[in-house]
A.B. asks: 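Quick one: the structure is below, questions incoming.
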Amino acid sequence: MKYDYLGVGSGLFGSIFAYEANKRGKKVLVIDKRPNVGGNIYTENIDGINVHKYGAHIFHTSNKEVWDYINQFAEFNRYTNSPVARYKNELYNLPFNLNTFSKMFNLVTLQDIEKKLDEERKEGLAKLNGREPQNLEEQAISLVGTTVYEKLIKGYTEKQWGMSCKELPVSIIKRLPVRMVFDNNYFNNKYQGIPIGGYTQIIEKMLDGIEVKLNCDFFENRSELQNIAEKIVFTGSIDQYYDYKFGYLEYRSVRFETEELDVDNYQGNAVINYTDKEVPYTRVIEHKHFEQGKELGNEVTEGPSVGKTIISREYSDKWDSTKEPYYPINNERNNTLYEKYKALADKDSNIIFGGRLGQYKYYDMDKVIEEALKCVKNEIK
Ligand code: FAD
Ligand code: UDP
């Protein structure tokens, strides 16, 4: 065999595996069907602004080992994600915290807010009658009550996932903190930031000295690639690898409309979520704020902050096999189906499935790093 490993996909999982295997003396070929490395964390410098081409990526973790690992490849800034939610012409801080509730109910004290939230939750909790919430709607109402659910969750979630909140798993909304303090930090993690200079440098450093073929789809070159290496590390969709033989797993796709504008500062924040169902996009990202936000308004007269900005409107899109799968939809139907594919994979000693699509899990970057490092450790003694 020509290689020890064929890495299908140059995203975070595939690149970490390749880097670690190469370090241990293994010969690796990495292919990717896209024209660029990095998968969904790819950033491109356009006119001095690092544009997150496949959606805004904020690194966050509580795992020190993961934080130290990623910091080998780039210096991180102290960016704290604090998205703003816009519901029609009202603005609210996220995640759900005292700033959100105080504005929503026009209340000032913690005691009054607590009392109001108890009232807001009452009807939902009565419906549960002591049982655990079974779907996203029930979970959301039991956490934040009806008004916050109606204004900040229902419209956004149904646009994002293309289905009713009653059909979605509770796990999705559990990603967001609910805090009874004035704190707009979106994440509870100990470490958070954006790599200064973007994410692509991280992947490029990982893949330095490794053979990489871009614009190369595994399925279009399957006969040639299937036996080119002792083992395949596959980070594409697991159901596609097995020709969808048990049926299709469902995904959600995303479409980005990116525009350069001749203003210093378009929206005053990196992320604004549009939570009503009438606005067709879910969020607008203004990329410069991830790395240059603090300069704005501080009389900076030169450099990339001056005179222009780049924004992306993010539209959630129904997935079919001609579109990029971005989000696994981890409901019961899909998780059960995934287990069938996983059972097949477990019997095949020539392939490892990794990452968001290979493991069909709504992983953030930190979890992907943990999984990739665990995988290398098991694989190469
Ligand atoms: P991917 O990045 O999807 O890489 C898989 C690669 O495999 C791709 O490059 C693809 O082209 C390639 N591939 C697939 N099939 C084939 C094939 N047949 N042949 C060849 N190549 C193939 N995480 C965070 O921690 N913080 C965030 O703020 C955050 N924001 C996100 C926003 C959006 C819109 C999305 C979609 C995800 C976000 N994530 C975030 C999650 C993050 O993107 C993932 O955890 C991480 O990028 C997954 O890495 P991966 O290697 O598993 O997959
Ligand atoms: N969510 C919401 N309103 C918001 C932001 C998020 O209802 O303004 C819900 C929505 O269901 C979303 C989930 O919370 O899918 C998780 O949000 P997160 O920001 O983690 O989504 P991601 O960045 O992964 O798309």
A.B. asks: If the plane angle is over 60° it's perpendicular, under 30° parallel, otherwise tilted; pick one for Y19 and F73.
C.D. replies: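 Rings of Y19 and F73: perpendicular, over 60°.
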A.B. asks: Around atom CD of Q226, are there more than 12 heavy atoms of other residues, nucleotides or ligands at under 6.0 Å?
C.D. replies: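 Buried by this count: over 12 neighbours within 6.0 Å.
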A.B. asks: Pick one: which of Y186, F59, F290 meets ring-ring contact (aromatic ring centres under 6.0 Å, His included) with Y79?
C.D. replies: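 Only match with Y79 under ring-ring contact (aromatic ring centres under 6.0 Å, His included): F290.
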A.B. asks: Assess whether a salt bridge exists between E20 and K23, defined as any Lys/Arg side-chain N lying under 4.0 Å from an Asp/Glu carboxylate O.
C.D. replies: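 So E20 pairs with K23 through a salt bridge.
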A.B. asks: So among E324, E314, E44, which one has a salt bridge (charged side-chain N to carboxylate O under 4.0 Å, His left out) with K53?
C.D. replies: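 The single option meeting the salt bridge (charged side-chain N to carboxylate O under 4.0 Å, His left out) with K53 is E44.
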A.B. asks: Between H289 and N265, do the side chains contain a donor N or O and an acceptor N or O under 3.5 Å apart?
C.D. replies: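 There is such a pair (donor and acceptor under 3.5 Å, judged by atom type) between the side chains of N265 and H289.
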A.B. asks: Angle class for the H52/H57 ring planes (parallel below 30°, perpendicular above 60°, tilted otherwise)?
C.D. replies: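 Answer is tilted, since the angle falls between 30° and 60°.
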A.B. asks: If only side-chain N and O atoms count, and only distance matters, is there a donor-acceptor pair under 3.5 Å linking E257 with Y281?
C.D. replies: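 On atom types as modelled, these side chains do not qualify, holding no pair under 3.5 Å.
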A.B. asks: I want to know whether Y92 and Y87 have ring centres closer than 6.0 Å.
C.D. replies: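 For Y92 and Y87, the ring centres are not under 6.0 Å apart.
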A.B. asks: If we check ring-ring contact (aromatic ring centres under 6.0 Å, His included) with Y327, which of these qualifies: Y362, Y360, Y251, Y363?
C.D. replies: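 Exactly one option meets the ring-ring contact (aromatic ring centres under 6.0 Å, His included) with Y327, and it is Y362.
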A.B. asks: Does a donor on one side chain sit under 3.5 Å from an acceptor on the other, for D68 and Y191?
C.D. replies: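 Y191 and D68 do not have a side-chain donor-acceptor pair below 3.5 Å.
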A.B. asks: Judged by modelled atom types alone, do N189 and S62 share a side-chain donor-acceptor pair under 3.5 Å?
C.D. replies: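 Note: N189 and S62 side chains meet the donor-acceptor criterion.
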A.B. asks: Which word best sums up how the rings of Y199 and F76 line up, parallel for under 30°, tilted for 30 to 60°, or perpendicular for over 60°?
C.D. replies: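 Aromatic pair Y199/F76 classed perpendicular.
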A.B. asks: Can you tell me if NZ on K323 sees more than 12 non-hydrogen neighbours from other groups inside 6.0 Å?
C.D. replies: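 Correct, the count exceeds 12.
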A.B. asks: I'd like to know if the side chain of S164 reaches the main chain of K166, judged simply by a donor and an acceptor atom lying under 3.5 Å from each other, with no hydrogens or angles considered.
C.D. replies: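 Judged by distance alone, yes, a pair lies under 3.5 Å.
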A.B. asks: Is the closest basic N to carboxylate O distance between E120 and K116 below 4.0 Å?
C.D. replies: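 Answer for the salt bridge query: yes.
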A.B. asks: Does CZ belonging to R78 count more than 12 external heavy atoms closer than 6.0 Å?
C.D. replies: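 For R78, atom CZ is not crowded (no more than 12 foreign heavy atoms under 6.0 Å).
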A.B. asks: Could you check F13, Y338, Y341, Y241 and say which one makes a ring-ring contact (aromatic ring centres under 6.0 Å, His included) with F353?
C.D. replies: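 Among the candidates, only Y241 passes.
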A.B. asks: Examine F234 together with F218 and report whether their ring centres are nearer than 6.0 Å.
C.D. replies: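 Yes, they do, as the ring centres are separated by less than 6.0 Å.
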A.B. asks: For the residue pair N185 and R179, confirm or rule out a side-chain donor-acceptor distance under 3.5 Å.
C.D. replies: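 Judged by distance alone, the side chains do not pair up.
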A.B. asks: Verify the distance criterion only: is there a donor paired with an acceptor across the side chains of D320 and T322 at less than 3.5 Å?
C.D. replies: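 Yes, because at least one side-chain N or O of D320 sits under 3.5 Å from a partner of the opposite role on T322.
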A.B. asks: Would you confirm whether the ring centroid of Y54 sits within less than 6.0 angstrom of the ring centroid of F256?
C.D. replies: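 When the ring centroids of F256 and Y54 are compared, they turn out to be at least 6.0 Å apart.
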A.B. asks: Would I49 and I46 show up in the same hydrophobic cluster when neighbours are defined by side-chain heavy atoms closer than 4.5 Å?
C.D. replies: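 Same cluster.
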